[in-house]
Chemist: 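Okay, handing you the structure first.
Not measured: the values here are computed from a predicted model.
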Number of protein chains: 2
Amino acid sequence: MATINSPETEQLLTPAEVATMFRVDPKTVTRWAQAGKITSIRTLGGHRRYRAAEIKALLAGLPVDGARSQD
Amino acid sequence: MATINSPETEQLLTPAEVATMFRVDPKTVTRWAQAGKITSIRTLGGHRRYRAAEIKALLAGLPVDGARSQD
DNA sequence: TAGTAGTGGGGTAATTGGGGGT
DNA sequence: CATGTCCCAATTACCCCACTAC
């Protein structure tokens, strides 16, 4: 099966998206990224983007490893 | 502009919201979540969020299945 | 190029969680 | 057994302004 997960197909979410899904403030999502609880991808301007797959896993209550200390 | 286009996007309520709707204290709502009477979704910080659809059903007097033993 | 909305950073007030007792 | 209240620690929400994204 050698099915490769194309990184180019990885959908990214904005802080507002994640904040809406968790019913929290966008600032709180930023804190989670700073705390290393979620994977944060930074734009060239300094803004954060989050992986849709990871956020969905978090909402499902699944512990997600992959976010160590990036921010 | 962070436009969500997911039919599976569930609306969540804060403990204060549910407490106000039921005319009880937020602590009591927490008890219900611990007892598995209502579905509880936790934020990454440990705070609980509740499904709006389920709370509405409960307020309507409908028996809701889906909360077994989560907390 | 300009305009609007979203985001980041810092700081402060309010809410929440947990245990314990009524 | 279920609910309301007190304690403290942690988390979250809202205020400002400057910059980025589209």
Chemist: Considering only C/dG8, D/dA2, D/dA21, which nucleotide approaches the side chain of B/Lys37 most closely?
Modeler: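 The listed nucleotide nearest to B/Lys37's side chain is D/dA2.
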Chemist: Can you name the closest pair of heavy atoms from A/Ile55 and A/Phe22 and give their distance?
Modeler: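 It is CG2-CE1, 3.8 Å.
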Chemist: Test your reading of the model: is there a side-chain donor-acceptor pair from B/Asp25 to the backbone of B/Lys27, 3.5 Å cut-off?
Modeler: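 Between the backbone of B/Lys27 and the side chain of B/Asp25 there is no qualifying donor-acceptor contact (under 3.5 Å).
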Chemist: Considering heavy-atom distances to DNA chain C, does B/Arg31 or A/Pro26 have its closest nucleotide positioned more toward the 5' end?
Modeler: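 Comparing both residues, the 5'-ward one is A/Pro26.
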Chemist: Side chain of A/Thr28 only, please: which of D/dA13, D/dA21, C/dG18 is the nearest?
Modeler: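 Looking only at side-chain atoms, A/Thr28 lies closest to D/dA13.
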Chemist: Do the side chain of A/Lys27 and the base of C/dG11 come within less than 3.5 angstrom through a donor-acceptor pair of N or O atoms?
Modeler: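 There is none.
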Chemist: Measure the shortest side-chain to side-chain distance between B/Val24 and B/Trp32 over non-hydrogen atoms and say whether it is less than 4.5 angstrom.
Modeler: yes
Chemist: Separation of B/His47 atom NE2 from C/dG17 atom P, in whole Å?
Modeler: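 Taking NE2 of B/His47 and P of C/dG17, I get 6 Å after rounding.
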Chemist: For DNA chain D, whose closest nucleotide is more 5', that of A/Gly46 or that of B/Trp32?
Modeler: B/Trp32
Chemist: Between C/dG18, C/dT15, C/dG17, which nucleotide has the shortest distance from any of its atoms to the side chain of B/Gln34?
Modeler: C/dG18
Chemist: Please report the closest heavy-atom contact between A/Arg23 and B/Gln11, naming both atoms and the distance.
Modeler: NE-NE2, 4.4 Å
Chemist: Roughly, in whole Å, what's the span from CD in A/Glu17 to P in D/dA21?
Modeler: 17 Å
Chemist: Start at the 5' end of DNA chain D and walk down; is the nucleotide closest to A/Thr43 or to B/Arg49 reached first?
Modeler: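 Looking at the nearest nucleotide for each, B/Arg49 comes out on the 5' side.
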Chemist: Taking the side chain of B/Tyr50 as its heavy atoms from C-beta onward, which of D/dT20, C/dG9, C/dG17 lies nearest to it?
Modeler: C/dG17
